[in-house]
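Notes follow once the structure below has been shown.
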Amino acid sequence: MAGRKRVPRPAAGITQRRTVTAAHCRLCGSSRALCHGVATLWRMSDVRSRIAAALAEALREIGVAEGVDPVVEPSARPEFGDFSTPAAMASAKVLRRSTRDIAQQLSDRLTAANVEAVSAWSVSGGFVNAHLDAATWGREVIDAAVAMPGIERVTMPEGHAVFPGKTLVEHTATNPNKAAHVGHLRNACIGDTVARVLRRTGHTVEVENYIDDTGVQVADVAVGIRDLGLTPLDGEPFDQFCSRVYVEVSRRYEHDPALQQQRAAVLHDIEAGKTDTASFVKDIARRVVACHLATMARFDIRYDLLTWESDIIALGFWRQAFDLLRDSGAIAHADSGQHAGCWVLPPESDPHDLDSDAAKVLVKSDGVATYTAKDIAYQLWKFGMLGRDFQYTRWDPGDPSSPMTTSAEGDSADVHFGGAQRVVNVIDARQAYPQRVVTTALRRLGHEAAADNSIHLAYEVVALTPAAAAVLGVPLEAGREMYALSGRRGIEVRADDLLDRAVQRLSEKARDADSARDVAAGAVRYYLLRFSLNQIIAFDFDEALRVTGDTGVYLQNAHARASGILRKVSDDGIAYTVPSSLERVERALLHRIDGYTWALAETARALAPSVLTAYAFSLASALSDFYEHTSPIVREADAEVRRFRRALVAATRATLGDALRTLGMAAPDRV
RNA sequence: GCCCCCGUAGCUCAGCGGAUAGAGCGGCCGCCUUCUAAGCGGUUGGUCGUGGGUUCGAUUCCUACCGGGGGCGCCA
C-alpha cells in the first residue's frame with residue numbers, strides 16, 4: 001500500500017459509507033478476508049473521530065500507517081488537554097527517531113490539518129494532546145445529545161461496525177418446572193440488555209426464549225403431582241408450588257430410588273408420543289412459563305418467540321439434523337468401544353476417533369437423542385440451515401403484545417422466525433463444553449461462517465455469600481466463601497421475592513407505589529448487570545438492596561434530578577451559547593456526554609452490559625458533581641450562563657435517559 | 001490428568017499496552033434558610049497472588065508456579 005491515498009475529511013454531520021480497513025473486523029474478530037461485506041456507517045460528527053482520522057492521515061504522512069494504530073483517548077488529566085494520543089511513542093520505535101521529535105512533527109501536522117473544534121495541540125511526555133475549542137465542541141455535543149431521543153439508532157463512532165443481517169439472541173431458557181431465581185434473572189437481564197444495545201446501535205435483532213418442556217426437570221414435577229399427589233397450598237402461585245414439588249421429589253429420590261423409575265416412565269411416554277402424559281407435562285410447562293413471563297415482565301423483559309423443545313421433536317427437526325450429520329460424515333455409529341451402539345460426534349482434535357473420551361454422544365444406544373443433539377438441530381434452524389420451519393401462534397391470542405410461540409400444528413405462512421446470520425446464546429459458563437460441541441457440528445457440516453458467528457455468551461453464575469446463605473437458612477461451613485444456588489435443593493433467591501424486597505425498601509422514600517416499583521426493578525437489573533460476565537456474583541442482600549452509591553437507584557435519581565431542574569428553569573426560547581471558558585465540572589460533564597456513543601459501541605462490540613452500567617454511573621456522577629459545585633441555575637442572574645447550563649442539563653438528561661432505557665431501566669422524571 | 005474463570009484497598013468490584021492504579025460500601029471528620037442530602041467534600045486504606053520473560057512503557061501480553069471456583073456423562 002502506498003500509504004498516500006488522501007482520505008477526504010467530510011464536514012461535521014456528513015454521513016459516509018466506507019469499508020473497515022483494519023486487519024481484523026472489530027465486530028466479528030475474523031480477518032478481513034473472512035468477514036464478508038461488513039461496512040460501517042460513520043459520521044464525523046464527534047471530535048474524537050475527527051481527531052483519529054486526522055491522526056491516521058498524519059501517521060500515513062510520516063510513513064508509519066502500517067505499524068502504528070491511530071489511538072485517541074480522553075486525556076488522563078485535564079492539564080493534558082481533552083484528547084491525547086500515544087502514537088508518537090509507538091512511531092519512535094518504527095522510525096528509530098526520538099519520541100520528542102515525532103511528537104512535535106505530529107503536533108505540527110495535526111495543527112495544519114485544522115480539525116474542527118480543536119483549538120490547539122501540545123506535546124507532553126511523549127503524548128500529543130488536543131485542546132478543544134469549548135464553544136464549538138460544547139455546542140456539537142449538546143445538540144447531538146438533545147437530538148438523540150428522536151433518532152431511531154445511535155450512530156456508531158469511528159471504527160465500530162454494524163453487523164449486517166439478523167442477530168438472534170437466545171436468553172432466559174429457564175426450565176419450566178420451578179420459579180425463576182436470581183441466577184435465571186441474571187441470564188435474562190444480560191440477554192435483554194444485549195438485545196437492547198444491539199437494537200440501539202442499528203442491528204436487526206430477534207429474541208427467543210427456549211423452553212425445555214421434555215427434560216428430566218419438568219418430568220420430576222410431573223411425578224410429584226401425578227404420582228405423589230402433591231397439591232398447591234391455598235393461594236400458592238403455580239411456579240412456587242412446582243419449586244416445592246421439585247425439592248420434595250428430589251428429596252424422596254434419595255430414600256426411594258424406585259421412584260426414579262416413575263420419572264423414566266414419564267420421559268419414555270413423552271418420547272413415544274403418548275399423548276395423555278405429554279399433554280399433562282406440557283400443561284405444567286405452560287403454566288410455569290406463564291409465571292416466568294409475568295416475572296420477567298416485571299423487569300420489562302420480553303421475547304419475540306418462545307421455542308418449545310417438544311415442537312423441535314414433534315416436527316422432526318432432530319431427525320432432519322441427524323440425516324444431515326450422518327450423510328456428511330460428521331457423526332458416525334460406534335460399533336465397539338465405550339460408545340458402542342451410539343451415534344457420536346468425534347472431538348475437534350480428531351474427526352475420526354469415535355472412541356475418544358472427548359467424543360460426544362448424540363444418540364444414545366437406546367435410540368434417544370441427547371439434549372445437545374436437539375441443540376444442534378435448534379442451532380441449524382436458527383441459521384435457516386435445516387430446511388424446515390415451525391408453525392407459529394400467538395402465546396396469548398387475546399394480547400397482541402404477548403410473544404409468538406412455536407407450534408407443531410396450524411398454518412402460519414405469514415410469519416417467519418430464525419434464518420439469522422449471527423446467533424448469540426446467553427448460557428452460563430458451565431455449559432461451555434456442549435456449546436462447543438454445537439459449533440463443532442456446524443463446522444463439520446461445512447457451515448464455517450455459521451460456526452464463526454455462533455457466539456456462546458458465557459457468564460458466571462450467581463452464588464450466595466455466607467451472609468445470604470444464612471438468611472436462607474443454609475447451614476454454614478467454616479471457611480466456605482460461596483454457596484451455590486440450587487433449585488433442586490431449594491437454595492435460591494426467587495426473582496419475584498427479590499423484587500418484592502426491593503420495592504418494600506424503596507417504598508419508604510418513593511413518591512408512590514408505581515415509582516417504587518419502577519425504581520426497584522431498575523435497581524435489581526443494575527445490580528445484576530454491573531459485574532463483568534466472567535465474574536461470579538457473590539450475592540448479598542444488603543448489597544443488592546442498597547440504595548446509595550453505585551446503584552440503579554442513584555442513576556435513576558440523577559435522571560429525576562435533571563428533570564427537576566428542567567421543570568424549574570424555564571426555557572426562554574433564546575438559543576444558548578457555550579462559553580469559551582468552562583468550569584471544571586462543566587467540561588467534565590460534556591466529556592461524559594460526548595463519550596456515550598463510544599460506550600454504547602463498545603458494549604455492542606464486546607456484548608458486555610457492564611461497560612454500559614459503568615458508563616451510566618460515571619455520567620450520573622458527573623451530573624452530581626456539576627450539581628453540587630455550581631450555584632443553582634434557577635437563581636442564575638446571567639442569562640447566558642443560565643441558558644447554557646440549562647442546555648447542558650437537558651443534554652445530560654437525554655443521554656442518561658437513553659442509557660437507562662437501553663439498560664432496560666426506567667428513566668423517571670420524579671422519584 | 002486436561003480445559004475454562006477468578007485472585008487489585010478491611011469488603012464488593014472497575015481498569016481488556018500508556019502519564020501519579022480508581023469506584024462503591026465500611027471507618028473517621030464535615031456540609032441541608034440554596035434547582036430532590038437516595039447527594040457532596042475531606043480523610044483512612046493497595047509489595048495489583050508469586051517468580052521469570054516480552055516491551056520505550058506491564059495491573060494489562062507470554063510463561064511457570066501458588067490459592068479459590070467450575071467443567072470434562074449414553075444428565076440437562
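Note that the structure is a prediction, hence the values are computed from the model and not measured. Just so it is clear: chains get the letters A, B, ... in the order the sequence lines come, proteins before strands, and each one is counted from 1.
In RNA chain B, stems built from 3 or more consecutive Watson-Crick or G-U wobble pairs, each with both distances under 3.5 Å, span B:1-7 with B:66-72, B:10-13 with B:22-25, B:26-31 with B:39-44, B:49-53 with B:61-65.
Remark: side-chain polar atoms of A:Glu636 are paired, donor with acceptor, to backbone N or O of A:Asp638 under 3.5 angstrom. Of the possible polar contacts, one joining the A:His339 side chain to the A:Leu354 backbone as a donor-acceptor pair under 3.5 Å is found. Remark: side-chain polar atoms of A:Thr439 are paired, donor with acceptor, to backbone N or O of A:Arg436 under 3.5 angstrom. With hydrogens and angles disregarded, no donor-acceptor distance shorter than 3.5 Å links the side chain of A:Arg48 to the backbone of A:Gly595. Listed for the A:Thr370 side chain is a donor-acceptor partner under 3.5 Å among the backbone atoms of A:Val361.
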Contacts under 3.5 Å, N or O only, protein and nucleotides 56-61 of chain B:
none

Just the table, please: protein N/O against nucleotides 27-34 of chain B N/O, every pair under 3.5 Å.
residue	atom	partner	partner atom	Å
B:U34	O2'	A:Arg635	NE	3.1

What nitrogen or oxygen pairs link the protein and nucleotides 72-76 of chain B at under 3.5 Å?
residue	atom	partner	partner atom	Å
B:C74	O2	A:Ser365	N	3.2
B:C74	O2	A:Ser365	OG	2.9
B:C74	N3	A:Ser365	OG	2.9
B:C74	N4	A:Ala340	O	3.0
B:C75	OP2	A:Lys364	NZ	2.9
B:A76	OP2	A:Tyr371	N	3.0
B:A76	O3'	A:Asp212	OD2	2.3
B:A76	O2'	A:Asp212	OD2	3.4

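Residue contacts shown for A:Arg567 are absent, as no nucleic acid heavy atom lies under 4.0 Å away. Across all strands shown, A:Asn129 has heavy atoms under 4.0 Å from base atoms, whether or not it also approaches the sugar-phosphate. Counting any heavy atom pair closer than 4.0 Å across all strands shown, A:Gly125 reaches no nucleic acid atom. As judged by a 4.0 angstrom heavy-atom cut-off over every strand, A:Ala510 is placed among the base-contacting residues. Among the protein residues, A:Leu506 comes within range of the nucleic acid bases, having at least one heavy atom under 4.0 Å from a base atom.
A heavy-atom distance below 4.5 Å is not found between the side chains of A:Phe531 and A:Thr613.
Using a 4.0 Å cut-off, some side-chain N or O of A:Tyr554 falls inside it from OP1 or OP2 of B:C40. Side-chain N/O atoms of A:Thr548 include one lying less than 4.0 angstrom from OP1 or OP2 on B:C25. Side-chain nitrogen and oxygen atoms of A:Thr465 include none within less than 4.0 Å of the OP1 or OP2 phosphate oxygen of B:U12. Taking side-chain N and O atoms only, A:Arg561 has a distance below 4.0 Å to OP1 or OP2 of B:A37.
Glycosidic conformation of B:C25: anti, with the torsion beyond 90° of 0.
At a cut-off of 3.5 angstrom, counting only N and O atoms as typed in the model, there is no donor on one side facing an acceptor on the other between the side-chain of A:Ser532 and the base of B:A14. With hydrogens and angles ignored, a donor-acceptor pair closer than 3.5 Å exists between the side chain of A:Ser124 and the base of B:A19. The base of B:U20 sits within donor-acceptor range of the side chain of A:Arg77, with an N or O pair under 3.5 Å. Counting atom types as modelled, A:Glu481 pairs no side-chain N or O with a base atom of B:C11 as donor and acceptor under 3.5 Å.
Judged by centroid separation below 5.5 Å and plane tilt below 30°, A:Phe127 stacks onto the base of B:A19. Here A:Phe80 packs flat against the base of B:A19; its ring centre is closer than 5.5 angstrom to the base's six-membered ring, tilted by less than 30 degrees.
A distance of about 28 Å separates the C1' atoms of B:C6 and B:U44, rounded to the whole Å. B:G46 sits 14 Å from B:G7 when the C1' atoms are compared, rounded to a whole Å. Using atom P as the reference point in both B:U63 and B:U54, the two lie 15 Å apart (nearest Å). With C1' as the reference atom, B:C61 and B:G70 are 25 Å apart, rounded to whole Å. For the P atoms, the distance from B:G45 to B:A9 is 14 Å, rounded to whole Å. B:C16 sits 23 Å from B:G51 when the P atoms are compared, rounded to a whole Å. Between the P atoms of B:C3 and B:C65, the separation comes to 11 Å (whole Å). Distance check on atom P: B:U33 versus B:G15 gives 41 Å, rounded to whole Å.
Under the 30°/60° scheme for interplanar angles, the aromatic rings of A:Tyr554 and A:Phe617 are found to be tilted.
Contacts between residues 533-543 of chain A and RNA chain B, counted as heavy-atom distances below 4.0 Å, involve A:Asn534, A:Gln535, A:Ile536, A:Ala538.
With A:Phe541 as the aromatic partner, A:Arg501 meets the cation-pi criteria of under 6.0 angstrom to the ring centre and within 45 degrees of the ring axis. Taking the centre and axis of the six-membered ring of A:Tyr627, the NZ or CZ atom of A:Arg561 falls inside the cone set by 45° and 6.0 Å.
Every residue two or more places apart in sequence or in another chain that forms a side-chain hydrogen bond (donor to acceptor under 3.5 Å, both in side chains) with A:Thr214 is listed here: A:Glu309.
Across the protein-nucleic acid pair, A:Arg546 atom CZ and B:G39 atom C1' stand 14 Å apart, rounded to whole Å.
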